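Heads up, the thing below is written out as structure tokens.
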Amino acid sequence: MGIPAASQRVLLGEGGSHRPTLFPSAHHRCLGSRRALPYSADRGKKSVNRQTLDDLKQQIPLMGYLQAHDWQPARPLSRGRWMGLCPLHQDRKPSFLVDSNKDLFFCYGCGRGGDVIRFAELYHQVKFSQALTLLRQWRGAGPLLQEVARFYRMQLHRHNEAIAYLYERGIRSLELVEHMRIGYAPGGCLRGWLSQLGHSSSTLRQAGLLTGMGYDAYVHRIVFPLEDNLYGRSLSPAAPPHRFLPGSKGGLYGWEYARSYPEVILVEGLFDYAVLWQAGFQNVTCSLGTHLNAHQFQQLCDGLRNVYVAFDADPNGSGQQAALGLSRRLRERGIPVWQVCLPDGHDPNSFFVEGGDARQFQSLLEAAHP
Ligand SMILES: [Zn+2]
């Protein structure tokens, strides 16, 4: 293997002609009617007001939600319709159709279709009412988190202690800082900024950005925006090193870039991700801890690719144990897995910080064992 030079994504240039005409009218047989609700719920027992559902759907355009969950259109059709790989089944050529005007999708592979609520049900594998809750949370947190990330990015270059810490952890390139949208939470200033923008303290408290006492929850932390969360690494050894907002840590970090490679390197921390990406390994992804949630595991299984697990070589063996357990589960799903053995006591970050280079890491990849 080598450092992958180019994307291996399969793009379909042809194949459209044999497909039936799509969306000939508002009522497509596959998409269901806009009058009926194509959800899993027994509608007779549901008391959710139709207007409430329409409002929610209005506020969360399907295309935006899909893209926020790593979906990428592979090719355009006419009138705001797109084809891409189906995020709901193991898709090898684009069979997932999205109509961005009608906010509806349909998959010619697995035969499923509907609106953003139906998509959330299928994608997160939850019932109707839980899908509504997830969408409401997403609607509430999405724009707010973007504001927060933007604010923390502005702070980064104003605080020497943050720049010094990044340097110490091997983060040297501005390109990487931009790529990961790295910011700094000094503490004591987020609340004021966000209230100026009209966010109430109760919203911020609910999102986990303020403590119960009303102080900034992230203090002296390097922050990395995640899909629907915010990771903060403490500069101070006295504070707990890792902090997330309440809720899921989301999918694999950087998966939208890594997934197109035939070989991906899986690491457990964002600082591991950072040094590898900086060294030219753009096929790297990160699980934010050694335990993968169901969504992350599913992402790794969503195509045939070699997975190189490069977890920490912990003195107590916990990283290695986690890597072995994960490898076994991946192998059961038919995914080829390789264990990358780092020198004792090292993680990919310390390997590079202490002088390792891309060529040496490449040798570790080549020496990886099943
Ligand atoms: Zn499908």
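Predicted model, so just to flag it, every value in this text is computed and none were measured. The residues of the chain are indexed from 1 along the displayed sequence. Just so it is clear, the values below take in all heavy atoms, side chains as well, and ignore hydrogens, waters and symmetry mates. Counting convention: from 1, in listed order, for ligands and their atoms alike.
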Quick one: do Glu147 and Arg150 make a salt bridge, cutoff under 4.0 Å? yes
Would you kindly say whether Gln59 and Asp55 are connected by a side-chain donor-acceptor distance under 3.5 Å? no
Taking all atoms of both residues into account, what is the closest heavy-atom pair of Trp82 and Met63, and its distance? CD1-CE, 3.2 Å
Please identify each residue that fulfils side-chain hydrogen bond (donor to acceptor under 3.5 Å, both in side chains) with Asn160, with sequence neighbours left out. none
Side chains of residues 213-224: which donor-acceptor pairs under 3.5 Å do they make with residues two or more places apart or in other chains?
from	atom 1	to	atom 2	distance (Å)
Asp216	OD1	Arg191	N	3.3
Asp216	OD2	Gly188	N	3.0
Asp216	OD2	Cys189	N	3.1
Asp216	OD2	Leu190	N	2.9
Tyr218	OH	Leu230	O	2.7
Tyr218	OH	Leu245	N	3.1
Arg221	NH1	Gly232	O	3.1
Arg221	NH1	Pro240	O	3.2
Arg221	NH1	Pro241	O	3.1
Arg221	NH2	Pro240	O	2.8

Quick check for you: within a radius under 2.8 Å, how many protein N, O or S atoms neighbour the Zn ion (ligand 1)? 4
How would you list, by chain and number, every residue that makes a salt bridge (Lys or Arg N to Asp or Glu O under 4.0 Å) with Arg169, sequence neighbours excluded? none
